[in-house]
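First comes the structure, then the notes that go with it.
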2 protein chains.
Amino acid sequence: MTDGAALKPPRIGISPGDPGGIGPEVIVRALSKTKIPPARYILFGPRSLWEDEAKAAGLKVDLIPWKADGGLPEAGVFFHDLSGPQVPTGKGVDDSARGAASFSWFESTVASARRSELEAVVTGPVSKHAWSLAGLPWRGHTEYLERFYPGAVMSFWSDRLTVALLSHHLSLREALGRVNPEALAGFFRVVYESAVGKTEGETEILVAGLNPHAGEEGLLGTEERDVIGPAIEEARRAGLPVRGPFPPDVVFRLAFGHPEKIVAAMYHDQGLIPFKLTAFESGVNVTLGLPFVRTSPDHGTAFDIAGKTPADPGSMAAALRLAVRLAGCR
Amino acid sequence: MTDGAALKPPRIGISPGDPGGIGPEVIVRALSKTKIPPARYILFGPRSLWEDEAKAAGLKVDLIPWKADGGLPEAGVFFHDLSGPQVPTGKGVDDSARGAASFSWFESTVASARRSELEAVVTGPVSKHAWSLAGLPWRGHTEYLERFYPGAVMSFWSDRLTVALLSHHLSLREALGRVNPEALAGFFRVVYESAVGKTEGETEILVAGLNPHAGEEGLLGTEERDVIGPAIEEARRAGLPVRGPFPPDVVFRLAFGHPEKIVAAMYHDQGLIPFKLTAFESGVNVTLGLPFVRTSPDHGTAFDIAGKTPADPGSMAAALRLAVRLAGCR
């Protein structure tokens with residue numbers, strides 16, 4: 001990406017997610033019915049999928065074909081027509097064909113971003129079960145991205161709280177093993193470098209302890225004294241604004257209402273219990289540590305309501321807005 | 001205790017906590033300035049301590065001497081004058097003398113409850129550090145009570161959320177070892193028997209998993225499948241309304257706003273992160289599994305403001321109200 005490109009509206013590639021879920025619907029609704037900032041939004045996937053979805057939602061979306069080699073400097077909604085697996089129609093079905101299709105659209109979107117044709121990727125929700133039925137080895141988007149970018153970090157952003165996870169889909173017992181100097185050093189660096197200048201207010205990292213009361217000077221665990229504390233000192237010596245370790249049941253209160261104070265959580269539920277309790281409707285999942293931005297709404301395919309009840313595009317709109325904000329500062 | 005005694009206002013023994021902290025002050029303020037239900041509130045500790053505290057707060061508290069052998073059927077505020085360590089005066093000091101004094105007053109209050117002279121004990125906050133300086137082997141109130149009642153359970157109650165902890169002051173690594181069939185069976189039984197009929201609405205126990213996504217059928221940990229799930233089944237066969245295991249980042253959202261749905265948390269921070277984030281001001285710490293009720297406010301000694309800034313009696317008032325409610329149903 002040249003410096004000149006930053007002056008144009010950012011290019012936000014959007015993958016539909018599972019065609020049997022609410023992903024395509026909330027994308028179409030978010031683009032046509034909610035307040036989103038100017039950008040070049042590019043819908044990946046078969047044209048017919050987007051047209052059918054807009055029709056079902058009673059919305060008119062003008063789709064302009066996208067050319068990756070430029071020539072489209074203006075903000076708007078474009079589409080990148082993908083061939084590949086035939087589009088399965090019908091909602092609420094969790095099957096192999098839909099799993100294969102949603103993966104291939106996501107794969108194409110990521111490939112485009114990897115070719116620097118996009119500044120950000122926003123993903124509709126996929127079905128982990130359908131991916132598994134389709135024989136795919138990845139649990140979801142993040143695991144696929146980790147294949148290319150092993151230092152990627154899963155994080156969650158809302159207006160009130162931002163959390164980054166040292167590890168995510170591991171048993172709690174395995175997650176304890178990730179609390180080591182090398183992993184912490186990379187984690188702090190990725191979180192800081194991905195977020196600095198993009199939070200409202202001065203970016204800071206507040207580190208949660210692993211044990212009750214942050215170990216209480218070794219009485220309730222030694223990781224804070226022997227591993228986490230020294231890793232924080234090391235990061236501070238390198239100039240990173242990292243503080244802690246704080247008692248886990250205190251740090252989220254300190255950070256609450258200050259989304260610029262990113263809580264570095266030592267395991268999946270330490271970060272996600274407070275995040276989901278306080279920010280479910282507006283939550284956005286952000287993968288940090290990639291050469292492009294990647295966001296997604298904090299909800300699943302909702303097969304139970306897909307095609308029956310109109311789906312709320314709020315979280316998808318938040319994912320689009322955050323993608324533009326994070327991409328705009330690149 | 002005879003059945004007849006239940007018709008009289010419950011006897012709530014109150015220990016002052018650390019005399020250098022805000023405990024005595026919030027007790028005096030809560031008893032004289034907040035809305036609390038009729039009960040026989042009995043202040044343990046030296047009379048001079050209570051008189052000085054009321055004077056410092058500019059409050060008039062009429063203290064009636066308490067006779068443990070009865071003869072005081074009416075609601076009111078009484079005192080049980082304790083000799084023992086001399087009362088250290090002066091606020092904001094964290095020392096051995098104050099630690100020894102706060103312990104001896106608490107010990108006397110518990111001894112009275114153990115003689116069935118009280119239906120409930122409410123404790124002002126003590127300093128763990130001062131107890132340690134005084135050579136006491138217990139971290140705090142709960143650990144002392146566990147000496148007599150090894151099956152005691154630490155729980156936290158607010159208007160919006162109730163959580164009970166399978167273990168509390170253990171490192172996270174050690175806490176994993178507590179997730180075993182015997183501990184879970186006792187935990188579910190104690191929580192249910194202590195709470196049934198005392199929550200507003202039908203008491204139910206929602207069990208959190210230990211691992212992300214409650215282990216996801218063994219992919220992210222096996223404790224749910226091998227230990228927690230079977231323990232829940234066993235409890236249900238015994239007639240207990242126990243459900244789960246739920247994904248940890250989901251169960252608190254299910255229970256939020258329903259304090260009658262008690263979340264059974266598998267370790268300290270799993271329960272306390274969401275509790276402290278959402279209920280700090282009104283939170284009450286309740287020890288379950290004792291032959292009497294024990295509550296305390298969810299704050300510490302606040303040495304930094306003690307004697308300088310008027311302390312908020314809200315959490316102490318909530319602790320007194322909850323003690324009366326829990327005791328009244330005994």
Side-chain angles (χ1 to χ4, degrees), chain A residues 128-129 132 139 154 156 160-161 163 165 167-177 179 208-224 247-257 263 265-281 283 298, chain B residues 128-129 132 139 154 156 160-161 163 165 167-177 179 208-224 247-257 263 265-281 283 298:
Chain A
K128 190 174 48 190
H129 183 239
S132 167
R139 291 177 48 83
M154 188 181 266
F156 293 84
R160 290 178 283 183
L161 197 59
V163 302
L165 310 181
S167 66
H168 45 99
H169 293 128
L170 293 178
S171 73
L172 185 54
R173 202 173 287 278
E174 286 175 286
L176 293 177
V179 183
L210 177 70
N211 296 296
H213 308 182
E216 207 167 300
E217 288 155 40
L219 288 173
L220 302 181
T222 55
E223 287 87 351
E224 288 81 2
D249 58 358
V250 171
V251 70
F252 294 97
R253 289 201 290 118
L254 290 177
F256 195 69
V263 179
M266 293 296 108
Y267 52 92
H268 179 275
D269 290 330
Q270 190 183 59
L272 280 175
I273 288 172
F275 186 86
K276 296 223 169 186
L277 186 57
T278 60
F280 189 63
E281 302 301 324
D298 185 26
Chain B
K128 190 175 50 191
H129 183 239
S132 167
R139 289 177 49 82
M154 188 181 267
F156 293 83
R160 290 179 283 183
L161 196 59
V163 302
L165 310 182
S167 66
H168 44 99
H169 293 129
L170 293 178
S171 73
L172 185 55
R173 202 174 287 277
E174 287 176 286
L176 293 177
V179 182
L210 177 70
N211 296 297
H213 308 180
E216 207 168 301
E217 290 157 37
L219 287 173
L220 302 180
T222 54
E223 287 87 349
E224 288 81 2
D249 58 358
V250 170
V251 69
F252 294 97
R253 287 200 292 121
L254 291 177
F256 195 69
V263 180
M266 293 297 106
Y267 52 93
H268 180 276
D269 290 330
Q270 190 182 61
L272 280 175
I273 288 172
F275 187 85
K276 296 224 168 185
L277 186 57
T278 61
F280 188 64
E281 301 301 322
D298 184 25

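Computed over heavy atoms, backbone and side chain alike; hydrogens, waters and symmetry mates excluded. Below, read A as the first sequence line, B as the second, and so on, with proteins coming before strands; counting in each chain starts at 1.
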(message) Donor-acceptor check, side chain of B:N211 to backbone of A:L172, threshold 3.5 angstrom: yes or no?
(response) yes
(request) Sequence neighbours left out, what passes side chain to side chain contact (heavy atoms under 4.5 Å, CB included) with A:S132? Give chain and number order. (result) none
(message) Taking side chain as everything from C-beta outward and backbone as N, CA, C, O, which of these in B:F252 sits under 4.5 Å from a heavy atom of chain A? Side chain, backbone, both or neither.
(response) both
(message) Does the plane of the ring in A:Y267 sit parallel, tilted or perpendicular to the ring in B:Y267? Use 30° and 60° as the thresholds.
(response) perpendicular
(request) Give a yes or no answer on whether the side chain of B:E224 reaches the backbone of B:L210 with a donor-acceptor pair at less than 3.5 Å. (result) yes
(request) Please flag which part of B:E216 lies under 4.5 Å from any non-hydrogen atom of chain A: side chain, backbone, both or neither. (result) side chain
(request) Tell me, for B:L170 versus chain A, whether the close heavy atoms (under 4.5 Å) come from the side chain, the backbone, both or neither. (result) backbone
(request) Name the region of B:H268, side chain, backbone, both or neither, that has any atom closer than 4.5 Å to a heavy atom of chain A. (result) side chain
